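Here the structure comes first, spelled out in structure tokens, and everything after it is commentary.
Values below: every heavy atom of this structure, side chains too, minus hydrogens, waters and symmetry copies. The shown structure was predicted, so the numbers you read here are calculated from the model rather than taken from an experiment.
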Amino acid sequence: MDKNLSQIKTDIYDKHSLTITNFITEKESKEYDACRFQLNGRHIISRSAKITTKKNGQFVTFWKRINNSPIQPFNCNDKFDYLIVNTRMNKKLGQFVFPKSVLIDKGIISTEKREGKRAFRVYPKWDVAKSKQAQLSQQWQLNYFYEITNLTDLNRVNELYIGR
């Protein structure tokens, strides 16, 4: 388990009786801490986003490969409930908890009518979104974000993981 997820487990999950089971590290996308697990029975795909020098926001990959085929976006028929994206900047740590349905609506997951994305940018609350597209992305993404501090609202965490 990577540093970000380990801290979130200790600071949030353990305090909120959210239990990780069936943890599997993915062989590909290790640089994004790619893994899958269940959290109180919900199927989770987890990634850590990376800061890049050319653009604001943080970059995260979100693709799959079947056998030796080229990489492809996740599909609405894939078995998972949430994509979580862990973000860190200096001492700030946060987590996006994206329900599968939202990722379908935003065109990130493939459907019969449209191909999804293999990567995208996330904009935590501490990032300044400069372009219009970045501002629009940050606006919807922050509905699924919480920052991990000693004042984290556990009701918010509950709402993100259980209430939707």
Side-chain angles (χ1 to χ4, degrees), residues 4-5 8 12-13 16 18 20 22-24 26 28-29 31-52 54-66 69-89 92-148 152-164:
N4 293 334
L5 191 55
I8 292 167
I12 303 299
Y13 295 170
H16 203 57
L18 294 170
I20 293 176
N22 301 319
F23 182 88
I24 300 169
E26 294 185 1
E28 297 189 270
S29 291
E31 63 273 21
Y32 294 92
D33 304 321
C35 63
R36 295 179 188 229
F37 55 90
Q38 287 182 279
L39 192 67
N40 287 21
R42 288 171 176 78
H43 295 269
I44 308 293
I45 296 174
S46 176
R47 302 284 189 272
S48 289
K50 291 185 163 218
I51 295 172
T52 61
K54 295 185 180 185
K55 288 186 175 181
N56 277 12
Q58 296 185 27
F59 185 80
V60 64
T61 61
F62 184 53
W63 51 264
K64 64 181 181 175
R65 184 189 312 268
I66 299 173
S69 68
I71 65 170
Q72 58 187 281
F74 278 91
N75 185 281
C76 61
N77 296 319
D78 290 322
K79 186 176 181 174
F80 72 96
D81 300 306
Y82 296 95
L83 166 66
I84 62 169
V85 180
N86 304 312
T87 63
R88 183 180 290 275
M89 187 174 85
K92 296 177 182 175
L93 176 63
Q95 186 177 70
F96 290 93
V97 182
F98 296 121
K100 182 179 183 180
S101 60
V102 170
L103 297 174
I104 292 169
D105 290 344
K106 297 298 180 182
I108 295 169
I109 294 177
S110 294
T111 64
E112 291 179 10
K113 296 180 180 180
R114 134 175 104 179
E115 184 176 52
K117 298 180 181 187
R118 290 163 181 80
F120 62 104
R121 287 193 174 276
V122 291
Y123 300 90
K125 71 178 193 175
W126 53 76
D127 278 354
V128 176
K130 293 182 179 177
S131 73
K132 185 68 172 170
Q133 178 62 41
Q135 291 168 0
L136 291 171
S137 293
Q138 186 178 46
Q139 186 176 16
W140 74 261
Q141 290 175 357
L142 289 180
N143 292 321
Y144 305 96
F145 179 79
Y146 69 96
E147 187 172 359
I148 291 92
T152 299
D153 180 357
L154 294 181
N155 289 326
R156 171 83 174 131
V157 175
N158 185 53
E159 177 185 308
L160 288 170
Y161 276 107
I162 299 165
R164 293 182 189 236

Got a second to check how far Leu18's CG is from Asn40's CG, nearest 0.5 Å? 5.0 Å
Heavy-atom check, side chain of Ile8 versus side chain of Tyr13, under 4.5 Å: yes
All heavy atoms of Cys35 vs all of Leu5, minimum pair found to be SG-CD2, 3.9 Å
Indicate yes or no for a side-chain donor-acceptor contact from Ser137 to the backbone of Gln133 under 3.5 Å, with no hydrogens or angles considered. yes
Would you confirm whether Gln138, through its side chain, and Val122, through its main-chain N or O, come within 3.5 Å as a donor-acceptor pair? no
Charged N to carboxylate O below 4.0 Å: is that the case for Lys64 and Asp78? yes
Is it true that atom CD of Glu112 has more than 12 heavy atoms of other residues, nucleotides or ligands lying nearer than 6.0 Å? no
Within the distance-only criterion (no hydrogens, no angle test), does the side chain of Asp81 pair as donor or acceptor with the backbone N or O of Arg42 below 3.5 angstrom? no
Measuring centre to centre across the rings, with the benzene-like ring taken for any Trp, is Trp63 within less than 6.0 Å of Tyr32? no
Atom pair SG/CZ of Cys76 and Arg114 - distance to nearest 0.5 Å: 11.0 Å
Let me confirm one number: the CZ-OG1 distance from Arg47 to Thr87, rounded to the nearest 0.5 Å. 15.5 Å
Less than 6.0 angstrom from the centroid, inside 45 degrees of the normal: does Lys100 satisfy that with respect to the ring of Tyr82? no
Can you check side-chain contact (heavy atoms from CB on, under 4.5 Å) on Leu160 and Phe96, steps first, answer last? CA-CA 9 Å; Leu160 288 170; Phe96 290 93; over 6 Å; no
Under a 4.5 Å cut-off applied to non-hydrogen side-chain atoms, are Pro73 and Ile109 in contact? no
Write down the atom of Gln38, the atom of Gly41, and the distance for their closest heavy-atom approach. NE2-O, 3.5 Å
Note, Gln58 side chain near Asp127 side chain (heavy atom, < 4.5 Å): yes
Sequence neighbours excluded, which residues qualify as salt bridge (Lys or Arg N to Asp or Glu O under 4.0 Å) partners of Lys117? none
Mind checking whether Phe74 and Phe62 have parallel, tilted or perpendicular rings, split at 30° and 60°? parallel
Thinking salt bridges, do Glu147 and Lys92 make one under a 4.0 Å N-O criterion? no
Are Tyr161 and Ile12 close enough that some pair of their side-chain heavy atoms sits under 4.5 Å apart? no
Sidechain-backbone polar pair: Ser110 side chain, Gly116 backbone, donor-acceptor under 3.5 Å: yes
List for me each residue that meets salt bridge (Lys or Arg N to Asp or Glu O under 4.0 Å) alongside Lys50, sequence neighbours excluded, and say none if there are none. none
Any ring-ring contact (aromatic ring centres under 6.0 Å, His included) involving residues 103-125? Give me the pairs, sequence neighbours left out, ordered by first then second residue. none
Any side-chain heavy-atom pair from Leu83 and Leu103 closer than 4.5 angstrom? yes
Taking atom types as modelled, find out whether Asn4 and Ser48 have a side-chain donor-acceptor pair closer than 3.5 angstrom. yes
Can you measure from CG (Asn158) to OH (Tyr146) and round to the nearest 0.5 angstrom? 11.0 Å
Search all heavy atoms of Ala134 against all heavy atoms of Ser131 and return the closest pair with its distance. N-OG, 3.0 Å
Backbone N or O of Leu154 within a donor-acceptor pair of the Thr152 side chain at under 3.5 Å? no
Heavy-atom check, side chain of Asn22 versus side chain of Phe37, under 4.5 Å: no
Once you measure the plane-to-plane angle for Phe145 and Trp126, does it fall in the parallel (<30°), tilted (30-60°) or perpendicular (>60°) bin? perpendicular
Crowded around Gln72 CD? As in, over 12 foreign heavy atoms under 6.0 Å? yes
With heavy-atom distances below 4.5 Å as the criterion, would you say the side chains of Val97 and Val157 are in contact? no
For the pair Glu26 and Arg65, evaluate salt bridge (charged side-chain N to carboxylate O under 4.0 Å, His left out) and give the outcome as yes or no after the intermediate values. CA-CA 11 Å; Glu26 294 185 1; Arg65 184 189 312 268; over 6 Å; no
Value for CG (Asn86) from CD (Gln95), rounded to nearest 0.5 Å, stands at 5.0 Å
List the atom of Arg156, the atom of Tyr144, and the distance in Å for their closest heavy-atom pair. NH2-N, 3.7 Å
Side-chain touch Phe59/Ile51, heavy atoms, less than 4.5 angstrom: no
I need the Arg121 CZ to Lys55 NZ distance, nearest 0.5 Å. 5.5 Å
